[in-house]
Amino acid sequence: MHFHRRHGWEIPERDATPEQLFLNRRAFVAGAGSIAAMASAGLARAAEGTADPTAGLYPAKKNESFTLDRPLTPEAVTSKYNNFYEFGSSKSISAAAEALKPRPWSVKIDGLVEAPMTVDVDDLSRMMGLEERLYRHRCVEAWSMTIPWTGFPLKKLVEHAKPLSSAKFVRFETFMDPKTAPGQRQTWWPWPYVEGVTMAEATNDLALMVTGAYGKPLANAYGAPLRLHLPWKYGFKSIKSITKISFVAERPKGYWEALQASEYGFWANVNPAVSHPRWSQATEEVLGVGDRRPTLLYNGYGEQVASLYAGMEGQKIFF
Ligand code: MTE
């Protein structure tokens, strides 16, 4: 894969949503933030025959508390270099992923909750409220990107779902549709893609349910219309195109763990000092820049997440 080499200072944060653009596009909703106002704007558009289910949602306001130590990776790079095995094992799956129909899309929330529910993805976004966050994204394959995601904290969804005290983990599942996704016709792979986190991880402020990138609804290749991003963990934990979120008592077995438990574990926290069985994790290729740089413990998010693993020394939390 070839990338145009740029210097860091040539890529300002221009791909994130500028405040002015955010204000302009939202000006039509006086006193933005009201679900009722957004819903009536949606109804008005429907009446005009221009119904857009995401009307009024994008771009979302940037949460300034999430800053980066490096420039944003251009959209032209991140949208064309993806892992989405449902559509093939190459990085160039963006064209194939266009077969996915991300709307209408409903998400089931079930398991150990007061009352299971099924909710439309854009209604969920309106209910939760969207924000933009700039996050680092580190793949277990030793490359990294920085992306302006739009989404809402997973902890808000957890609160909304009202889990029972017996719920110890959150399990996520991707759609299953071999007609649309040729990768899923390979029946020896453990489809559908599944991932899981502990309740403590799910309610950490960094855990983000992602619905958009670069100020727009998610393009299919990123895992439209709803994916997870856990920036302190290797990217395979950040499951795409989620249809089901279940609160469970037992630790879920992830897709990669089911495929190759000797190489991919449940915790998968980033640590430069703990190598993958077949390669070092000490450094990462920063995509779009052409540089390698040292990988940071917890991908640089230790201050926010290290306490989650206090007392777990000796367990394979970096694997
Ligand atoms: N989710 C599903 N459903 N299918 C996948 O193949 N790949 C994972 C993760 N989520 C994957 C997935 C891996 S290995 C990585 S590194 C990230 O998605 C890649 O996300 P990106 O393509 O947006 O960079």
Side-chain angles (χ1 to χ4, degrees), residues 1 3 15 72-100 102 105 107 133-151 171-178 180-186 189-197 207-214 216-245 252 254-260 263-265 268-270 276 279 281 284-288 295 299:
M1 192 84 178
F3 291 104
D15 288 326
L72 274 175
T73 313
E75 185 178 6
V77 173
T78 64
S79 62
K80 296 280 180 276
Y81 191 89
N82 304 94
N83 278 331
F84 202 169
Y85 283 79
E86 284 82 347
F87 294 98
S89 54
S90 96
K91 298 284 184 272
S92 308
I93 50 75
S94 60
E98 285 309 302
L100 179 70
W105 190 280
V107 183
R133 294 185 180 187
L134 313 185
Y135 270 6
R136 291 187 292 275
H137 172 29
R138 170 63 159 80
C139 178
V140 73
E141 296 163 344
W143 51 259
S144 69
M145 303 170 168
T146 46
I147 303 195
W149 294 127
T150 304
R171 178 188 184 277
F172 301 86
E173 193 174 298
T174 296
F175 72 87
M176 181 67 192
D177 180 6
T180 303
Q184 292 183 334
R185 291 175 215 153
Q186 297 179 320
W189 292 46
W191 305 112
Y193 201 102
V194 165
E195 260 309 335
V197 292
L208 192 66
M209 296 303 295
V210 175
T211 62
Y214 299 91
K216 298 169 286 193
L218 274 185
N220 285 0
Y222 295 119
L226 180 70
R227 70 173 293 173
L228 181 64
H229 192 223
L230 305 165
W232 70 100
K233 290 181 180 281
Y234 292 117
F236 69 85
K237 295 291 296 182
S238 293
I239 180 171
K240 297 180 167 186
S241 302
I242 295 165
T243 52
K244 193 155 81 142
I245 301 172
Y255 177 84
W256 290 101
E257 193 183 0
L259 204 56
Q260 188 94 7
E263 299 198 353
Y264 307 100
N269 293 311
V270 175
H276 181 274
W279 59 83
Q281 297 289 18
E284 63 205 49
E285 182 192 354
V286 184
L287 296 183
T295 285
N299 200 22

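As the structure lists them, so they are numbered: ligands from 1, and atoms in each ligand from 1. Values in this document were obtained by computation on a predicted structure and should not be read as measured data.
- The aromatic rings of Tyr135 and His229 sit tilted relative to each other, their planes meeting at an angle between 30° and 60°.
- Set against the non-hydrogen atoms of Asn82, the atoms of ligand 1 under 4.0 Å away are 21 (P), 22 (O), 23 (O).
- Taking each of Gly254, Gly88, Ser238, Ala181 in turn, the one with a heavy atom nearest to atom 9 (C) of ligand 1 proves to be Ser238.
- No side-chain donor-acceptor contact under 3.5 Å links Glu173 to the backbone of Thr243.
- At a threshold of 4.5 Å between non-hydrogen side-chain atoms, the residues Lys237 and Leu228 do not count as touching.
- Heavy atoms of Thr174 found under 4.0 angstrom from ligand 1 belong exclusively to the side chain.
- In this model, a donor atom of one side chain and an acceptor atom of the other lie less than 3.5 Å apart for Tyr214 and Thr78.
- With respect to Tyr255, the ring pair (Phe, Tyr, Trp, His ring centres under 6.0 Å) criterion is satisfied by exactly one of Phe172, Tyr193, Tyr264: Tyr193.
- Protein heavy atom nearest atom 17 (C) of ligand 1, with residue, atom name and distance: Gly235 O, 3.6 Å.
- No donor-acceptor pair closer than 3.5 Å links the side chain of Glu75 to the backbone N or O of Ala213.
- For the residue pair Thr146 and Thr73, a side-chain donor N or O sits within less than 3.5 Å of a side-chain acceptor on the partner.
- At a 3.5 angstrom cut-off on N or O pairs, Trp256 does not count as close to ligand 1.
- Residue contacts with ligand 1: Arg227 is included, with a non-hydrogen atom under 4.0 Å away.
- Atom 24 (O) of ligand 1 has His137 NE2, 2.9 Å as its closest protein atom, hydrogens excluded (heavy atom only).
- Taking the six-membered ring where tryptophan is involved, the planes of Trp189 and Trp191 are essentially parallel, since the angle between them stays under 30° and well short of 60°.
- Closest heavy-atom approach to atom 11 (C) of ligand 1 within the set Phe175, Tyr193, Phe236: this belongs to Tyr193.
- Distance alone, capped at 3.5 Å, places no donor-acceptor pair between the Arg136 side chain and the Pro231 backbone.
- Side-chain N or O atoms of Lys240 include one that pairs as donor or acceptor with a backbone N or O of Asn83 at under 3.5 Å.
- Heavy-atom contacts of Ile239 reach the following atoms of ligand 1: 1 (N), 10 (N) (cutoff under 4.0 Å).
- Among Tyr264, Trp143, Phe87, Tyr85, the residue whose heavy atom lies nearest to atom 6 (O) of ligand 1 is Tyr85.
- Residue contacts with ligand 1: Tyr222 is placed with no nitrogen or oxygen under 3.5 Å of a nitrogen or oxygen of the ligand (distance criterion only).
- Contact atoms of ligand 1 toward Cys139: 16 (S) (distance under 4.0 Å to a heavy atom of the residue).
- Taking only nitrogen or oxygen atoms, main chain and side chain alike, Trp149 does not reach within less than 3.5 Å of ligand 1.
- Nearest protein heavy-atom neighbour of atom 4 (N) of ligand 1: Glu86 OE1, 2.8 Å.
- Taking the six-membered ring where the residue is Trp, Trp149 and Tyr222 present perpendicular rings, their angle passing 60° and hence far from 30°.
- The residue Glu141 has no part lying near ligand 1, judged by heavy-atom distances below 4.0 Å.
- Each of the atoms 4 (N), 5 (C), 6 (O) of ligand 1 lies under 4.0 Å from some heavy atom of Phe84.
- Closest to atom 21 (P) of ligand 1, if we only count protein heavy atoms, is Lys240 NZ, 3.4 Å.
- For atom 7 (N) of ligand 1, the closest heavy atom belonging to the protein is Asn83 O, 3.3 Å.
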